[in-house]
2 protein chains.
Amino acid sequence: MAENGSRGGRRLSPETIARAALGLLNEGGLDGLTMRELAKRLDVRAATLYWHLRNKRELLDAMAALMFEEAVAGVEGPRRGEDWQEWAAALATRLRRTMLRYRDGARVFAGTSVGGPTTFRVIELILRTLQDAGYAPERAARLFPVLLHYTVGFTIEEQARQGLDYPEGESPYEPDRARDAVDPGRFPLVAGVLGELFDGDADAGFARGLRVVLAGLAAELPEAAELPELPEGARPDDASVRGRPAT
Amino acid sequence: MAENGSRGGRRLSPETIARAALGLLNEGGLDGLTMRELAKRLDVRAATLYWHLRNKRELLDAMAALMFEEAVAGVEGPRRGEDWQEWAAALATRLRRTMLRYRDGARVFAGTSVGGPTTFRVIELILRTLQDAGYAPERAARLFPVLLHYTVGFTIEEQARQGLDYPEGESPYEPDRARDAVDPGRFPLVAGVLGELFDGDADAGFARGLRVVLAGLAAELPEAAELPELPEGARPDDASVRGRPAT
DNA sequence: GCCGGATACCTAACGCTGTTAGAGAACAAC
DNA sequence: GTTGTTCTCTAACAGCGTTAGGTATCCGGC
């Protein structure tokens with residue numbers, strides 16, 4: 001006696017389930033995402049999910065894949081006249097926006113990226129765009145991940161700051177809490193820039209960091225690194241860019 | 001009848017517990033870190049831990065704080081003659097190294113940074129160093145986090161790739177798996193740089209990204225941004241650095 | 001029409017988790 | 001030696017991911 005309102009066949013699939021799981025994420029966050037609750041939302045018992053997915057880890061992977069697909073759906077190469085930096089910034093922003101759409105989205109996404117043909121399509125697109133901008137593909141392949149890492153790192157912290165893991169008003173990220181904790185005598189500079197440090201405008205902060213990373217990438221453009229017209233040492237960051245970081 | 005081998009008094013403290021928890025992390029990872037197992041390691045029953053810590057979340061916070069302290073212990077300003085970029089790179093590298101010392105260390109650390117006086121001491125140090133390098137403190141405060149975000153983002157992915165969450169030989173990060181998945185007809189550039197994409201040398205990859213970020217920061221140095229000797233448009237990234245990323 | 005296998009779902013249960021209540025030992029102060 | 005505080009214990013709760021095994025449903029072959 002299947003009380004199941006709908007016809008038997010192909011109702012559930014890893015994708016359907018992952019989609020429902022992303023919905024569930026926005027209530028209760030990652031902690032509230034349990035197989036039983038997810039099953040309830042799909043009008044099914046928890047054990048059923050294991051017919052479609054090996055385990056929860058696989059569910060999380062599917063969710064991450066879905067997020068990625070959502071982020072890059074319809075993305076093509078730069079429009080005519082569009083700078084590669086604008087294009088890359090838009091791509092990173094799309095990814096961030098998608099992660100932000102889901103509570104704990106960045107944590108779900110982090111470290112689960114590679115995989116499907118969608119991934120390779122986008123990487124191909126990136127490599128082609130950077131190649132057109134003058135980067136050798138090998139060079140581009142070693143450089144572009146920094147953009148992804150920054151984006152994920154930033155968004156993870158942003159969502160952590162939203163602090164829904166903490167009970168009401170106890171989040172250690174409240175600006176006031178910091179304002180009390182920093183002694184202006186010992187840490188005058190910190191005290192002077194508390195506003196900047198805890199500024200709530202995450203969008204602007206992200207864009208700023210993006211600009212930094214993209215400027216850094218631009219500085220790695222081979223042509224840029226050996227512009228003949230520039231007198232040696234004219235670029236102020238010349239030595240330090242070449243210098244290897246201390247290990 | 002306290003079978004407890006050691007004297008009664010101040011044995012346990014949040015710090016002791018967190019330290020043991022970090023040790024436990026290296027066996028079993030984040031999933032293996034359970035209150036019961038942690039208690040066992042401290043010769044105590046699980047409930048006891050709740051006398052010292054409100055809940056597991058607080059334990060994780062304490063662990064993150066401990067990692068941060070371990071990372072920046074003894075850190076001072078740049079040595080005489082040391083470039084601010086070298087100094088910053090060394091700092092980021094220290095943080096990464098510490099996170100790598102513990103399984104899932106980056107995931108534990110991510111989004112739990114701010115808090116203690118140690119944090120503010122280090123931020124003060126960063127601000128002072130950048131100030132000496134020519135950055136206004138407000139500007140520095142808005143810029144330096146990008147370094148942290150990159151470092152955390154990179155290391156999270158690195159540790160995810162180590163793939164100890166997956167059963168033997170099933171990690172989706174195995175290079176061979178990718179080599180099979182990418183069709184050289186559709187994705188020629190990707191196929192050509194698989195070696196670079198899945199290159200195992202994480203240290204070099206991190207250093208490369210660090211160089212990029214630092215170069216980007218250097219490009220944001222006000223003085224650098226308007227070096228009078230440079231003819232307008234000589235720096236190839238001129239326009240694009242100014243351009244705001246698409247939203 | 002009916003059968004057999006595959007597919008999709010179920011119930012029931014396992015061992016484990018974080019967490020709490022409340023009893024009781026150990027210690028310090030008087 | 002009593003009292004109060006600090007710490008640890010036992011016992012239990014509800015909920016977790018996951019598995020074994022049964023059952024309904026669908027579909028192609030006769």
Side-chain angles (χ1 to χ4, degrees), chain A residues 1-21 24-25 27-64 104 107-108 112 164-167 170, chain B residues 1-18 20-21 24-25 27-64 104 107-108 112 164-168 170:
Chain A
M1 59 183 73
E3 303 284 356
N4 231 334
S6 38
R7 33 243 154 287
R10 299 237 121 269
R11 269 190 64 243
L12 263 43
S13 70
E15 197 189 310
T16 330
I17 298 175
R19 208 175 297 281
L24 192 56
L25 212 52
E27 329 158 3
L30 207 52
D31 289 348
L33 176 63
T34 74
M35 299 303 267
R36 282 175 233 262
E37 206 62 37
L38 178 55
K40 205 175 291 178
R41 176 172 279 234
L42 290 162
D43 268 316
V44 128
R45 297 299 180 273
T48 298
L49 301 176
Y50 289 86
W51 175 260
H52 303 274
L53 299 163
R54 232 200 289 273
N55 48 41
K56 192 174 184 178
R57 174 82 233 190
E58 201 166 292
L59 169 66
L60 291 168
D61 287 356
M63 292 166 69
D104 294 327
R107 253 157 78 203
V108 171
T112 330
L164 298 154
D165 289 0
Y166 295 91
E170 277 198 43
Chain B
M1 59 185 74
E3 303 284 355
N4 232 334
S6 40
R7 32 241 155 291
R10 294 239 125 268
R11 271 190 61 241
L12 262 45
S13 72
E15 198 190 309
T16 330
I17 298 175
L24 192 58
L25 211 51
E27 329 160 4
L30 206 52
D31 289 347
L33 176 63
T34 73
M35 300 303 267
R36 280 175 236 262
E37 205 62 36
L38 177 56
K40 206 176 291 177
R41 176 171 279 235
L42 290 163
D43 269 317
V44 128
R45 297 296 181 274
T48 299
L49 302 177
Y50 289 86
W51 176 260
H52 303 274
L53 299 162
R54 231 199 291 272
N55 49 39
K56 192 173 184 179
R57 173 84 232 187
E58 202 167 292
L59 169 65
L60 290 167
D61 287 355
M63 292 167 67
D104 294 328
R107 252 158 75 203
V108 170
T112 329
L164 297 154
D165 289 0
Y166 294 92
E168 198 89 24
E170 275 199 42

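Everything numeric here is computed off the predicted structure, so don't read it as measured data.
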Interatomic distance where CG belongs to B/L49 and C1' belongs to C/dT19 [whole Å]: 11 Å
Minimum-distance pair of heavy atoms, taken over all atoms of A/A21 and A/M63: CB-SD, 3.6 Å
List, with names and distances, any nitrogen or oxygen atoms from the protein found under 3.5 Å away from nitrogen or oxygen atoms belonging to nucleotides 14-17 of chain C.
{"unit_1": "C/dT17", "atom_1": "OP1", "unit_2": "B/T34", "atom_2": "OG1", "d": "3.3"}

A/L42 vs A/L49 side-chain heavy atoms within contact, under 4.5 Å: yes
Partner residues of B/A47 under the side chain to side chain contact (heavy atoms under 4.5 Å, CB included) criterion, sequence neighbours left out: none
Any B/L59 side-chain heavy atom under 4.5 Å of B/L38 side chain: yes
Phosphate OP1/OP2 of D/dT8 contacted by B/W51 side-chain N/O (<4.0 Å): no
Side-chain donor/acceptor of A/R11 to backbone N/O of A/T16, under 3.5 Å: no
Under the side chain to side chain contact (heavy atoms under 4.5 Å, CB included) test, residues paired with B/A62 that sit two or more places apart: B/A18
Atom pair CG (A/N55) and CZ (A/R57), whose distance is rounded to the nearest 0.5 Å: 9.0 Å
The helix from C/dG1-D/dC30 to C/dC30-D/dG1: angle between end helix axes, five pairs per end, rounded to 10 degrees: 0°
Residue list, side-chain hydrogen bond (donor to acceptor under 3.5 Å, both in side chains) with A/R19, at least two apart or on another chain: A/E15
Phosphate OP1/OP2 of D/dC7: any B/T48 side-chain N/O under 4.0 Å: no
Heavy-atom side-chain contact between B/L60 and B/T112 under 4.5 Å: no
Atom pair CG (B/L53) and OG1 (B/T48), whose distance is rounded to the nearest 0.5 Å: 11.5 Å
Rounded distance in Å - CZ (A/R45) to P (D/dA24): 15 Å
Distance, rounded to the nearest Å, where A/L38 contributes CG and D/dT18 contributes C1': 15 Å
Between D/dT6 (P) and B/L12 (CG): distance, integer Å: 16 Å
Salt bridge (Lys or Arg N to Asp or Glu O under 4.0 Å) partners for B/R41, two or more places apart: B/E27
Any A/H52 side-chain N or O less than 4.0 Å from OP1/OP2 of C/dT7: no
Integer-rounded Å distance: D/dC7 P and B/R11 CZ: 12 Å
Review item, nucleotides 20-24 of chain C N/O atoms under 3.5 Å of protein N/O:
none

